[in-house]
Amino acid sequence: MTRLRRYAYLHARVSALTQRCRMPGPQAVDSADELRALLAGAGLETGEIGSPATLERRALQILVFEGSVLVRSLTGVARALLRHWLRRYELMNMKALLRSKLGSKTRAHASGWFVDMGALTGLPLDDLIHADDLQELLRRLESTPYSAMAAHASRSFAERHDLFSVEASLERAYYVELARRVNALSTGERVYSKRFLGVLLDQVNLVWLLRLRFSYGLEPPQTFFILSPMGSTLGDRLLRLVRGESFSDVINRLPHPLQAGLAGATSIEQVETYMEARTTEVAERLLRTATFDPARALVYLYLRELQLRRLYTLFKAQQLRLSAAIVDEALGHGSSGPGEYAR
Amino acid sequence: MLTPLPIKSVRLYLLDQDGPAAALALGESESFAPRPGVEEGRLPHHSGVEYQNIYHRASQRLERVRLFLQLAGTGVAPSRPAQVVELDDLRRVDAALSEVWLECAALEQEQRVLEDEHRTLEQLRRALAELGTLNIDLGIVQEGLRFLDIRIGSVASEDVARLRQAVGLIGYTLTVFLTSGEISHIALAGLTGAEPALAGVLDAASFRAIELPAEFRDTPHELSEQLARRELRLQQRQRELAKRIDEGAQRFRSEVLSAADVLRRAAVFARLSDALSRSEALICARGWVPADRLEAVRSALNARLGGRVVLEARDPRPEERSQVPSALRYPRLLRAFAALVRSYGVPRYGEMDPTWLFALTFVLMFGMMFGDVGQGALIVLGGTLLKGRWTRARPFVVGAGISSLAFGWVYGSVFGFEGVLHPLWMSPLSDPVRMLAVALAWGVGFILAVGVIRVRNRVTERRFREAFLGAEGVAGLVLFSSLVYGAWRWIEYSAVPVAAPAVMGSALVVILAEAWSRTSAPVFERALVTVLETFETLVGYLTNSLSFLRVAAFSLNHVALAIAVLTLAQMMEPAGHLLTVVLGNLFILLVEGAIVAIQVLRLEYYEGFSRFYAGDGIEFKPLTLSADG
C-alpha cells in the first residue's frame, strides 16, 4: 500500500481537526467575552465549565477523544506509536494512583483525578485502586501494557522507596519507548517523526537536566542516566552538558543556536518557555509540510495540547484576576526570538 | 417459549436495617434482577455503599488467601434457609480475613524471598562459571583496595550502554561478564573518591549488587561446593516453609470456608446495593421480576421480613423497553439450541425468541443436506453416548441424527448404498434440477416466514410504518411473494396473470413512497438514496433465497462423496473393500458432517437471524445465592 493510501484518511482527519487548533495570542485577553469566544473556538463550551479543574478535565477529554479518532485512522506500527503517545495522559492516572498509595489520599480522592481514556484504557483502574500498597500496585501493573515501565519503576522503588524515583523512572521509560516506536517505523516514514521527537526530547532533556542538577542537586552521572537517549541537537552532547557546574555554565555549553537563544536566561522557567517555543515552531512547520505522514498526528496532538494548556492559563488568570504582565510571562510573551534573554 | 417472559418493573420499600435480609430473600427466590441507578424524583441517595466496599475488599482478600493456601474450589453450598449477613457480620469477616491474610502475606513474602534466593543461587552458579573470565580474585573484591573501587552486580540489559556512558563521567569502566535474558551482570571499576556520585547513578539504574558471601574467597571448586551446601540449606528452608503453609491451610481452612459462606450470602446485598436509593431509615430497591414469579417474591419477602415491606409492581413503560431484561425459559430439549442462539445474541424484551424456529429448521436442513439412514443412526448413537459437560449438546446431536436418518429414508441411502432401501421420494442425484427447485422453494418459504416474524417484532415495538409499508415489512413481503409467484407462473405456464404485476407495482410504489418520506436530503440525493436502498433490499430478498440452493448442493455433494467412496471400495479385495467403506463413511461423517453443520448455521444466522433478530437484549440475571450473587 502506498503512503498516500495509507495516510490519506489521517491527513484528512488532521486537516479537519486543525480548524479548532488556533493558538491564542501571546498576550492576556481583555474581556470575558473574548475568552469565551476563544474557548468556544477550541471546542470548550463555557456553559459546562465552572472552574479551572472542570476546564482541565474537559480539555483532557478532548485530547483523548481526538487522539482516539486519529488512532482509528492508522494501522500497524504507526497506530502503536500514536497509542503510546496518548499514554502520556494515562500516566497521569498512574501518578494519581501512586500518590494515593504512598501518600494519604483516599481512594475516592484519587479516583476523582482519573482521566477517562475510553477505548484506549490500558490500566484496570478498579483493580489497581484496591491494591494494598505501592509495591503490590506495581506488581499488578506487570500484567498490563505498562509492564515494561512498571518493571523499571518497581526496581526503582525497591531500591529507593520514594515517589520521585518511581515517577522519574516512569517518565524515562515512557520516552524511551516512544523513541523505540518511532524507530520501528519504516525508513521513509520515520523522518518527520524523528525530527519532531528529537526537538521535543531536547526540550524535555534540557529542562530536566537543569532541574535535576540544580534544583534536586543530583550528580552528573545520575542526571545523565535519567535523561532520554534521543534528541536531535542535544542527544550527543548530554554528556558534556551534565558536567556543567552551574546554570550559566550549562547554558554556555549548549551548541550554537541554542546558546544564542538562551544567552542571559536566568531561570529554568525561561529555558522551558524558549524550548517550548522552539518545539512549537518545528511542530507548526511539520504540520504544514508533513503530508501523508504519521508525524502529522503527533504534531497535531502536541499543538492541540499546547493550545488547551494556554487557554487554561488564560481562564485561570481571569478567575484569579491576575495582572496582564504575569499572564504574558506565563504564556511566554516575547520568548521566541534568538538572544531574547541577552541583557 | 416464543417470546421472553412478561416482566414487571418492581419497587420495594423497606427499612434500612432490613436490606440484607431482603437481599437474602430475593436471592433465595432467584427471580429478582436489580435495576442499577436512581430514578429521578425518587429517593436520591445511594445506599449500601459501605457494605459493597467491605464486601469487595473482603472478597479480594478471600481470593488471595484461597489462592495462596490452595483452598480454591473447596467451598460448600449454603444450607437453606440462609442467615442474613448484617454489616457488622461483614466487618467481622473482613477483619478476620485481614488477620489471616497478614499471616499469609508474611509467609508469601518469605516464599518470595526464598524464590529470589533460589534464583540468585542459580545466577551465582552461572556467574561463578563466568567470573573466572574476569580473572579477579574475589577476595580482593570483598576486602576492597585503597585506591580502587570495584563493584559487581546486575542491571537491565537495555540500560548497559547508557550506564557505561554515565559512569564514564566519573572515571569508572564497565564490563559485562554475563547476560541472561533481560539482565546483564557487570563489573565496575574506578578510582576511590567518587562513591557518592556512583551511588546516585547506580540507584537510578536499579543496580543490584551481587552479594558475594564471605565464603567467596576461595578457588572456584571450593566456591562451587559452598554453593551446593547453600542450595541444600535453601531446600530445607523451602520444605519447612511448605510445611508451615500446609499447617496454615489446615488451621485456617474452617475459617476460610466460613468466610466464603458468609460472603456468598452477602453477595446478594452487595449486588443489590447498585439498585438501592435511600432517605433516612427508608430504602428503596428497583428491579425486574417475571410476572409469574411476582407472588413468590412477595411471599419470600414477607416470610423474611414479617410484612415490613411494600412491593409495587407495574408493567414496563414503552420508553423503558430497551432496559427491560429478557427472561427465557426453555424445555430441556431446546436448551442446546438456545446456547447457539445465545451466541448470536439475547432477544430483546418483546422480541420473538428464534430458538424454536432455529431448532426446527436447523434439524430439517441438516437432514436434507446429510440424508443417510446409516450415518444418521451413528449420529444418534454418538449423541446418546455423550458424557459429562457434553450431555448438554445431546438433544442437538440426536435431533440432527434423527433428521439425517429420516431423510436417508426419503432418499433411500444407507451408508452410501442406494440399492438397499427403496426411497420414500427419490435419490438427490436422480433429478438434480428438482432438488434445486425444492431447495429454492424451501428458501423462499424460510425468507417469508422470517419476514412475518420481523413484521410481528416491529408491531410489538410500535414501529407500524416500518412494519407495514417498509421494504422489509408487509409491502416488501407482498412484492417478493408476487415476484416469486409471477416467476413460477411464467416458468410453468409461460403466462403471468394480470394481478401479479399489478400487485408488484402497487407494493413497489408503497415501498418507494415510504423510503422517500423517511429520507431528508436535497431532491436528487433523496431520489438516489430511495432507489438504491429499495433496490438493495429487494436484491437482498433474491440473493438470500438463492443462498438456499446450497441445501440441494450439499445433498448432491453427499451422494457424490458416497459414490466416490464406493467406487474406490469396489477396486479393492474384500477386506480392503470393507475397510474402505468403513473409513470412507467415517470420513464423510466427520468432515462433511462438520461442514454441513457450519453451512446450516450460516444460513440460520445470515439469511435468518439477520432479517428479524436484533439480539441486543439484556439477559435477565437474578440475584442468587452463588459466589457472586
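The sequence lines fix the lettering, A, B, ..., with proteins before strands; numbering per chain opens at 1.
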**Q** Is B:Arg162 reaching over with its side chain to a backbone N or O of A:Leu227, donor-acceptor style, under 3.5 angstrom?
**A**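 Indeed, once roles are kept as given, a pair shorter than 3.5 Å links the two residues.
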
**Q** Could you tell me which portion of A:Val242 (side chain, backbone, both or neither) has an atom closer than 4.5 angstrom to a non-hydrogen atom of chain B?
**A**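 The side chain, not the backbone.
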
**Q** Got a second to check how far B:Ile170's CD1 is from A:Gln222's CD, nearest 0.5 Å?
**A**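 Reported value, rounded in 0.5 Å steps: 10.5 Å.
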
**Q** With only heavy atoms counted, which part of B:Gln60 is less than 4.5 Å from chain A, the side chain, the backbone, both or neither?
**A**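 The answer is the side chain of B:Gln60.
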
**Q** Is it true that atom CD of B:Glu182 has more than 12 heavy atoms of other residues, nucleotides or ligands lying nearer than 6.0 Å?
**A**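 Not more than 12 within 6.0 Å, no.
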
**Q** Mind listing the closest non-hydrogen atom pair of A:Phe225 and B:Ala166 along with its distance?
**A** CB-CB, 4.3 Å

**Q** Is B:Arg64 in contact with chain A via its backbone, its side chain, both, or neither, using a 4.5 Å heavy-atom distance?
**A** side chain

**Q** Please report the shortest heavy-atom distance between B:Ala204 and A:Ile226, naming the atom on each side.
**A** CB-CG1, 4.1 Å

**Q** How long is the straight-line distance from CG of B:Asp159 back to CZ of A:Arg172, given to the nearest 0.5 Å?
**A** 5.0 Å

**Q** Is the closest side-chain heavy-atom distance between B:Val201 and A:Glu219 below 4.5 Å?
**A** no

**Q** Do A:Pro221 and B:Val167 have side chains that get closer than 4.5 Å, going by heavy atoms?
**A**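 No, side chains not in contact.
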
**Q** Answer yes or no: are there more than 12 heavy-atom neighbours, outside B:Glu619 itself, under 6.0 Å from its atom CD?
**A**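 Enclosed.
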
